[in-house]
Amino acid sequence: MSAAPGPWAAAATAAVFLLGDFFFASGGIAAGEVSPFHIINFNFETVQVTWNASKHTGANFTFRYRFRGDNYSQCPSYLLQHRLTVGCVLQAKGDSVMDFSIGNGTHLVLSHSTWISDFLKPGSPRDLQFHWHEGALTVTCSDLPYRGLRYEVQHKSIFDEQWQSTEEDTCNVTIKALDAARCYSFRARVTAKESSYGPHTYPSDWSEVAHRQRGEPRDSCQKTPLSSKFIVVYGMVAVLIVFLLPLTLWKLHRVKKLLVPRVPDPKVTFPGLFESHHGNFQEWIKDTQNIAVLSKVEDEEQESILAEPLLVQLPRTKAETPAATVTDPSHPQTVQTAGDPDPLLRPPAPGKEQVSLGGFTFVVDDNAYVTL
């Protein structure tokens, strides 16, 4: 079989197309009755031609075809939709030119000639073999019996979101940098090169997905469910977190209170400042000033009474000689009052002086003091 039509094939296609038009010249083409057709060449084994008949006609279209050197034949197997013919499936005869026509009874609707290789859809790879070696995996299968193909193998692990592709010209594809501990899924397909068959080809269907780990087959590569041991451990950790969370929050509150103490409320220190005077300190102090001064005066009077060291006793009779006692913290002295028989004539002792106060004469030294 030839890989692709050459220059001579294009000329032959044009000739066959003109011959087909001449052969069916009595019919012509009715525009709008049949939409553009679609051809699929399944691995050079079968050819499927489909069309979409107009909904307004309601007629069954007939399909006639022939390969190079053969006579025209009726479609051996029609495709039906709503009891109307919408396609034909026929056996292929290698890579050759096919002439076909679509008619409505005796009226020719469409005629065309084309290489069936232009619409090639290769067969899916079969019997895939997997060979593991030093972090790489080689996928092999039997090559198809024609050239101009690309063999694509895709792989994916449970940690990959998309398939990763590797392509070769033969069905011997090596995938490198695989993790031996992971399970991978593989699938393969065949595509026709555009340089050999044109832009209207179709890729083959994907092969069945195979699961491998270190080259050994696996039923699937799903994530392993958690065992009961892990479930118990995770449950204990969750309970511990629930228990420690309130304790941690309480400790944080204590630390915050220690580092950042609360500001005392001035309402407690200054009663009535905010309740009666709305925070006006001047009005508040005017109302409380008299109370504060009186308290201070009373305290001073109490202190003067407690700290009074001078005791003066007036004479009751002449015979009595009252004495006034002046107490000095360091040198307590006893001073004679006016009842002394001769107070003025008695000279003071050395280092002492006489002090007259309110009709009384006191003898004091430098360290003495008199408090009234």
Side-chain angles (χ1 to χ4, degrees), residues 1-21 24 34-53 61-81 85-103 109-127 141-152 167-171 187-208:
M1 297 181 182
S2 61
W8 60 270
T13 302
V16 173
F17 179 76
L18 294 176
L19 181 61
D21 285 346
F24 292 103
V34 178
S35 66
F37 55 86
H38 298 276
I39 302 176
I40 302 178
N41 173 15
F42 293 98
N43 203 34
F44 291 107
E45 296 173 358
T46 59
V47 178
Q48 175 180 291
V49 182
T50 57
W51 59 87
N52 185 13
F61 291 92
T62 58
F63 182 85
R64 298 183 65 191
Y65 73 98
R66 72 174 182 180
F67 291 101
R68 181 180 300 169
D70 297 339
N71 297 323
Y72 280 91
S73 302
Q74 291 286 342
C75 175
S77 178
Y78 280 105
L79 298 177
L80 302 179
Q81 183 178 8
T85 56
V86 293
C88 177
V89 179
L90 51 97
Q91 294 294 323
K93 288 189 176 182
D95 185 12
S96 59
V97 177
M98 182 182 67
D99 305 323
F100 64 91
S101 64
I102 300 175
V109 177
L110 183 145
S111 63
H112 190 70
S113 298
T114 185
W115 284 92
I116 62 173
S117 59
D118 293 345
F119 307 95
L120 174 64
K121 181 177 182 178
S124 300
R126 298 179 181 178
D127 301 327
C141 65
S142 300
D143 292 338
L144 295 177
Y146 44 91
R147 299 185 301 274
L149 303 177
R150 292 284 288 177
Y151 295 85
E152 178 184 5
E167 296 184 10
E168 295 290 346
D169 289 341
T170 60
C171 193
R187 64 181 184 179
R189 70 176 180 179
V190 185
T191 58
K193 294 182 180 179
E194 185 175 346
S195 59
S196 300
Y197 296 94
H200 302 296
T201 59
Y202 306 89
S204 71
D205 296 331
W206 289 104
S207 64
E208 293 184 1

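By convention here, the first residue in the shown sequence is residue 1. Only this structure's heavy atoms are used, side chains among them; waters, hydrogens and symmetry mates stay out.
With rounding to the nearest 0.5 angstrom, the CG atom of N43 is 5.5 Å from the CG atom of L144. To the nearest 0.5 Å, the span separating OG on S207 from CZ on R126 amounts to 11.5 Å.
For the side-chain hydrogen bond (donor to acceptor under 3.5 Å, both in side chains) test, no residue two or more places apart in sequence or in another chain qualifies with D143. When the side chain to side chain contact (heavy atoms under 4.5 Å, CB included) test is applied to T85, the partners found at least two apart in sequence or on another chain are W51, N60, F61, Y78, L80. Listed by chain and number, the residues in a salt bridge (charged side-chain N to carboxylate O under 4.0 Å, His left out) with R189 are E152 (sequence neighbours excluded). Residues meeting the side-chain hydrogen bond (donor to acceptor under 3.5 Å, both in side chains) test with Q74, sequence neighbours left out: none. In this structure E167 satisfies the salt bridge (charged side-chain N to carboxylate O under 4.0 Å, His left out) test together with R150, sequence neighbours excluded. For the side chain to side chain contact (heavy atoms under 4.5 Å, CB included) test, residues two or more places apart in sequence or in another chain that qualify with T46 are F42, Q91. Residues forming a side chain to side chain contact (heavy atoms under 4.5 Å, CB included) with V47 (at least two apart in sequence, or on another chain): I39, N41, V49, L90, A92, M98, I116.
For the pair Y65 and S73, the minimum side-chain heavy-atom distance is below 4.5 Å. With a 4.5 Å cut-off on side-chain heavy atoms, Y197 and L120 count as touching. The shortest side-chain heavy-atom distance between F37 and T50 does not fall under the 4.5 Å cut-off. In this structure the side chain of V89 reaches within 4.5 angstrom of the side chain of L79, judged on heavy atoms. Counting heavy atoms from C-beta outward, F100 and F63 have side chains that approach closer than 4.5 Å. The shortest distance between side-chain heavy atoms of T191 and L149 does not fall below 4.5 Å. S142 is not listed as a side-chain neighbour of D127, based on a closest heavy-atom distance of 4.5 Å or more.
Salt bridge D70/K93: present, at least one basic N to carboxylate O contact under 4.0 Å.
In this structure a side-chain-to-backbone donor-acceptor pair under 3.5 Å is missing from S101 to S111.
The two residues G123 and Y146 come nearest to each other via the heavy atoms N-OH, 4.1 Å. Residues S196 and G148 come closest through the heavy atom pair OG-CA, 3.9 Å. The shortest heavy-atom contact between P122 and P203 is CD-C, 4.5 Å.
The salt bridge (charged side-chain N to carboxylate O under 4.0 Å, His left out) contacts involving residues 193-202 comprise D169-K193, where partners must be two or more places apart or lie in separate chains.
D99 pairs in a salt bridge (Lys or Arg N to Asp or Glu O under 4.0 Å) with only one of the listed residues (R66, R68, R64), which is R66.
For D205 and S124, the side-chain atoms include no donor-acceptor pair closer than 3.5 Å.
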